[in-house]
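Only one structure is covered here, and it is reproduced in the block below.
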Amino acid sequence: MKLIEHFNDFLRDTVNLNATRLQTLEKNSEAIETYLRGSDWEPSIQCFERQGSWAHGTIIRPVDQGEFDADLLVLVDPVEDWTAADYVRSLVATFRSSGVYRDKVKGWPYCATITYANDAMVDVAPLVIGREIAGRPEVCNRSADRFERSEPMAYTAWLIEKNSYSGSNSFRKVTRLIKFLRDIKTRFVCSSVLLTTLLAQQINEADKGSAEFADVPTALQTVMGRLDDWLQARADKPAVCNPFLAAGADAEDFASAWTQDQYTNFRASIHRYRGWIDEAIVTADRDASVRAWRRLFGDDFAASVKLDESAGRFALASPTAPARTALQDLVDLVVTFGRSAIPVNFRRVPHMQRPTWTDRRDPDLEVVVGATLKGGAKSMYAVPVLSGDPLKPNQKIWFHALRSSGEPIGSEFVVHWRITNTGDVPAPRGDYYASELGHERAETLEWRGVHLAEAFVVRRIDGSLASISEPFYVVITD
């Protein structure tokens, strides 16, 4: 099902940047412009232009509730004998001479960044106009002390045109949704300008007024389907250029920072999410469709909908019932059909505790959970078991967390374990527990049911969340 009304609510309440923060951004940028015009910064200022997601209308609310990024270009006339580095260095120095901005500014290769704590980071970048050729814009690379041709205003106009073809701001809404998906899943690496360009390339003038952009979920399915088809036809990393700087020495390839491995992972992720979107749309049952969309976007999607959490998951059955039929509950289903019998939404058990660490997951740190019986992973008596294997009670199971490559996670991390039980238990568990030995934890097999163990990898240096494993399913039989 499309659940159009829930998409509207989800965009408004979860994805889109709050209107008050946008208003604050406008006021702060106006103050920056007023300050620079009245300062002794030497370049003659022509005007200011919004840039990036702010100008494109694709800015989203940070998933960690921290600062969002906004770009502000300051268009200036060239200063005789100045190098590229001079523009950025002098701009940073000008902000540092102000009592208002002194403690907020930091210099970067292309810009000065003004940070408003817990609100926004505004990147102010000089754009030199007509240094060698009349009207030509150039950004300033302080690190290389080099002027670089750029066409930011033309690129923004191109995106606005693409959005007009999609109707009802569908391109902008789809872009925000996919940026949110990237940030909440953290399964692939793709800069915002690269992602936005790839999505815009999937829309053309013939789409204007078409049924393929009739509403937000349909537009999402259309764009992701086209992007997936485009990516599947390209196993090797392609160039993804600014359409106004696509060839020659000045070509601006937004994909240049991608590695082949990162591209391959992005390609696989889009293919997977495209399938999830198709599944959610064709699902006829409302509750099942909500679950399918939440699989993609998290539990804040359709937040007003209260689902029967037992439906489609498992039926509680007494382990002492004398006449339990072969397919009476989830344990029996797993024993009969294997791990594939566990529904994809089973991992969202209501009594699970949510993590409280600051979410700064590393997409390159993929962690898996293994398990053994009768001893830890290094014990000579250890018996390996797989996720979903049926196990008898009254045994001890040891969980261990490793990198997906099989290498140790490293001493710079600590592992917390979320242990969640279901079925016939005297009291539900869904809390976090410390590792007992290195990155291991022991539990006792006791109560019949399908239980979950997950590894949450936390950095020692700042206590931020670096990675979360997939669940390890512990199936305890009679």
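Counting from 1, the numbers follow the sequence of the chain as shown.
- Looking at heavy atoms from C-beta onward, Pro62 lies in side-chain contact with Arg21 at the 4.5 angstrom threshold.
- Between the side chains of Ser464 and Asp462, at least one donor N or O sits under 3.5 Å from an acceptor N or O.
- Looking at every heavy atom in both residues, Asn118 comes nearest to Glu67 through N-OE2, 2.9 Å.
- Within the 4.5 Å cutoff, side-chain heavy atoms of Gln51 are placed close to those of His56.
- Salt-bridge annotation for Arg187 and Glu470: present, with a side-chain N of the basic residue lying under 4.0 Å from a carboxylate O of the acidic one.
- Minimum heavy-atom separation, Arg61 to Asn18: NE-OD1, 3.3 Å.
- Taking the charged nitrogens against the carboxylate oxygens, Glu138 and Arg136 have no contact shorter than 4.0 Å, which rules out a salt bridge.
- Taking the ring centroids of Trp357 and His416, they lie under the 6.0 Å cut-off.
- Partner of Phe171 under the side chain to side chain contact (heavy atoms under 4.5 Å, CB included) criterion, chosen from Thr175, Asn169, Val174: Thr175.
- Closest approach of Phe68 and Ile59 over heavy atoms only: CD1-CD1, 3.5 Å.
- Residues Phe266 and Trp258 place their aromatic rings such that the two centres sit under 6.0 Å apart.
- No hydrogens or angles considered: nothing links the side chains of Asp261 and Thr264 as a donor-acceptor pair under 3.5 Å.
- Under the 4.5 Å side-chain criterion, counting only non-hydrogen atoms from C-beta, Val415 is not in contact with Phe413.
- When ring centroids are compared, Phe301 and Phe180 stay outside the 6.0 Å threshold.
- Salt-bridge formation is detected for the pair Asp278/Arg274: a Lys NZ or Arg NE/NH1/NH2 atom is positioned less than 4.0 Å from an Asp or Glu carboxylate oxygen.
- Between Asp299 and Arg354 there is a salt bridge, with a side-chain nitrogen of the basic residue lying less than 4.0 Å from a carboxylate oxygen of the acidic one.
- At a threshold of 4.0 Å, the pair Asp229-Arg226 does not count as salt-bridged, since none of the basic side-chain nitrogens sits closer than that to a carboxylate oxygen.
- At most 12 heavy atoms of other shown residues, nucleotides or ligands fall within 6.0 angstrom of atom CD in Glu205.
- In this structure, a donor-acceptor pair under 3.5 Å is absent between the side chains of Thr283 and Glu279.
- Between Lys173 and Phe7, the closest side-chain pair of non-hydrogen atoms is not below 4.5 Å.
- A donor-acceptor pair shorter than 3.5 Å cannot be found between the side chains of Lys106 and Thr115.
- Note that Arg131 lies in the cation-pi zone of Phe147, set by a 6.0 Å cut-off to the ring centre and a 45° limit from the axis.
- In summary, the side chains of Tyr35 and Thr94 do not present any donor paired with an acceptor at a separation below 3.5 Å, with no hydrogens or angles considered.
- Minimum interatomic distance between Cys140 and Ala84 (heavy atoms only, all atoms of both residues): CB-O, 3.4 Å.
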Verdict with supporting geometry, Tyr155 and Ser150, side-chain hydrogen bond (donor to acceptor under 3.5 Å, both in side chains) | CA-CA 9 Å; Tyr155 176 77; Ser150 183; over 6 Å; no
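- For Arg360, the CZ atom counts as loosely surrounded, since its 6.0 Å shell holds 12 or fewer non-hydrogen atoms of other residues, nucleotides or ligands.
- Considering only heavy atoms from C-beta on, Ile419 stays 4.5 Å or farther from Tyr432 through its side chain.
- Within a 6.0 Å sphere centred on CD of Glu366, heavy atoms belonging to other residues, nucleotides or ligands number 12 at most.
- Using bins of under 30°, 30° to 60° and over 60° for the plane-to-plane angle, the ring pair Trp82/Tyr87 lands in the perpendicular bin.
- Using a 4.5 Å heavy-atom cutoff, the side chains of Thr156 and Leu159 are not in contact.
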So Glu33 and Ser29, side-chain hydrogen bond (donor to acceptor under 3.5 Å, both in side chains) or not? Walk me through it.
-> CA-CA 6 Å; Glu33 293 174 19; Ser29 65; 4.6 Å; no
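- The main-chain N or O of Gln353 is found under 3.5 Å from a side-chain atom of Arg418 such that the two form a donor-acceptor pair.
- Residues Ile129 and Pro78 share a closest heavy-atom pair of O-CD, 3.2 Å.
- Smallest separation of non-hydrogen atoms from Tyr263 and Arg234: OH-O, 2.5 Å.
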